[in-house]
There are 2 protein chains.
Amino acid sequence: MADLVYKNVMQDLKRRINDGQYPDKRLPDERSLSDAYQVSRSSVKRALNVMAQQGIIFKKRGSGTFVNPLYLKNKAVFSYEGRNLGLTDSMRVDGMKPGIKLLDFQVIPATPELQQDLFLTDDDFVYQIKRLRLLDEQPVMIETGFIPIKIMPELSSNVVSGSIFNYLEDIKHVSVTKSFMTVAAEPSTEQDQELLSLKPNEPVGVMSGIFFLDDGTPFEVSNMRVHYQYMKYNTFMDLDAD
Amino acid sequence: MADLVYKNVMQDLKRRINDGQYPDKRLPDERSLSDAYQVSRSSVKRALNVMAQQGIIFKKRGSGTFVNPLYLKNKAVFSYEGRNLGLTDSMRVDGMKPGIKLLDFQVIPATPELQQDLFLTDDDFVYQIKRLRLLDEQPVMIETGFIPIKIMPELSSNVVSGSIFNYLEDIKHVSVTKSFMTVAAEPSTEQDQELLSLKPNEPVGVMSGIFFLDDGTPFEVSNMRVHYQYMKYNTFMDLDAD
DNA sequence: TTAGAAAATTGGTACGACCCAATTATCTGA
DNA sequence: TCAGATAATTGGGTCGTACCAATTTTCTAA
């Protein structure tokens, strides 16, 4: 893959951790690793820093570097490695097959709120894309997305019936790696109940947020109303300022 | 505060950004900053990397470093600077006064699930702490927490009636900076409806997770059932591997 | 005038040196 | 024997250099 020194170190260390090569949960010290991999200690530190940020390891000055016990027990929760933020990917859980049913696809002028979030002006237009997401034919969420036409002038209903993020990666070679999300819960509306086969007392999870391209351009505003049984939003937070 | 070079640079850059000293959203290049602050370019890079991680700025190779427009428009969402992960702090929103009502406080043997999550054995015991959280006297969430007694043997019902995290910071000088959280939605139970004044069709948000001490020790398993109108979980994600 | 080449700009990666700070291990002397 | 002092270990921060890669600007030649 990438031919970066620190990534190679990371990759090998992860492999060793997964292989259980550190039964006492303790990694070799940085100077030894530097020597073993024949790279500078700076590069070792970088690799370890990223892994610590991801919650795989933790470091204690004067004491050593240790594997997070929970990483071994519950790897699924950690690390979005190699993935993007798209739902097509993150919902490929339990071997279920994702599906998309296009409900609506049109171009509308950007509302003031959209103008603010997507950094647009009065003259700008956006696609409005309303889709029903399925897992094994079961409807699980209603997704309404807004994308500026000036960012993707070539968007077609064909593309929109599949994964937009994968299209971006495969065809235009840009990836979506940043997002703001707000997660909330609400009683289901009649439309929710109809489309998601919900009983009146059953709620929906609401995930709304903004997705950004690599270069910081706000790319999409999205609002997702999720069947509560399928809604599980996992996060790992680390407030250490690096 | 901390007398670290890169933190000083960060602090000053944030101030300048907030003061609107970069009207074109463009920061000086790294070499100029290095020269201006009389610090090495390495330290400037470190400061900028942290700020990029926090979503305040974004960088484009060959082009420059720019302020994230959304940072200026919506600062509230960004940056937990100076805060910890405690709820007492993060719920001090809109000037409302937080309150805590202790519902239950006892010591129980660790269940197998707790043993797994908190890295305990059969012999270990945990505090079970059930509390009702209030905002301006209004009940907003039911919180059930489990903390190993061997981590905090001195825990009293007095401490538990306040902020445990603040107690840890002020008295024991350790802070809680890492957490795994899973956010979901559920129909309210009868107990939820009673304690949170919910109608039968109104749901709760469920936030459950594990909090860690600085050194990686799993410290608390927590399960929070939140009045849906008060449940808003914000996250900023950046999947760039450093 | 303008398209393409060349140069300058700007952030990215890597190295290695130097010292500091927290922790752990070892030694020393009563 | 063992408590306290001392040394060794281990991660943290900073500096400065060198070179690379993407982008933008400038120059050059048709």
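In what follows, every chain begins at residue 1, and chains take the letters A, B, ... in the order their sequences are listed.
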Rounded to whole Å, please give me the gap between [atom1] in [X] and [atom2] in [N].
X       : N      : atom1 : atom2 : result
B:Tyr6  : D:dG12 : OH    : C1'   : 9 Å
A:Glu30 : C:dA14 : CD    : P     : 16 Å
A:Leu48 : D:dT10 : CG    : P     : 14 Å
B:Gln38 : D:dT14 : CD    : P     : 16 Å
B:Ile57 : C:dG11 : CD1   : C1'   : 11 Å
B:Leu33 : C:dG11 : CG    : P     : 8 Å
A:Leu4  : C:dG12 : CG    : C1'   : 9 Å
B:Asp3  : D:dG12 : CG    : P     : 19 Å

(request) Starting from the 5' end of DNA chain D, give me the residue, A:Arg61 or A:Ser42, whose nearest nucleotide shows up first. (result)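 Upstream on the strand: A:Arg61.
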
When you check the phosphate oxygens OP1 and OP2 of [N], does a side-chain N or O of [X] lie under 4.0 Å from one of them?
X       : N      : answer
B:Lys60 : C:dG11 : no
B:Ser63 : C:dT9  : no
B:Ser43 : D:dG13 : no

(message) Between C:dG16 and A:Arg41, counting only base atoms on the nucleotide and side-chain atoms on the residue, is there a donor-acceptor pair under 3.5 Å?
(response) no

(message) Would you say B:Gln115 and B:Asp124 are linked by a side-chain donor-acceptor pair, where the criterion is simply a distance under 3.5 Å?
(response) no

(request) Compute whether any side-chain donor of one residue and acceptor of the other, for B:Asp35 and B:Ser32, lie under 3.5 angstrom apart. (result)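 No, no side-chain donor-acceptor pair sits under 3.5 Å.
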
(request) Could you tell me whether the side chain of A:Asn68 and the main chain of A:Gly55 form a donor-acceptor pair under 3.5 Å? (result) yes

(request) Just call it for A:Lys45: base, sugar-phosphate, or nothing, with non-hydrogen atoms closer than 4.0 Å on any strand. (result)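 It contacts base atoms.
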
(message) Does this structure show an ion pair linking B:Lys45 with B:Glu30, if we count only N-O contacts that are shorter than 4.0 Å?
(response) yes

(request) In plain terms, say whether A:Asp12 and A:Arg16 are close enough for a salt bridge, that is, a side-chain N and a carboxylate O under 4.0 Å apart. (result)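 Yes, this pair counts.
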
(request) Consider the side chain of A:Arg46, meaning its heavy atoms from C-beta on, and name the nucleotide among C:dT13, D:dG12, C:dG11 that approaches it most closely. (result) C:dT13

(message) What's the closest nucleotide to the side chain of A:Val5 if the choices are C:dG11, C:dC15, D:dG11?
(response) C:dC15

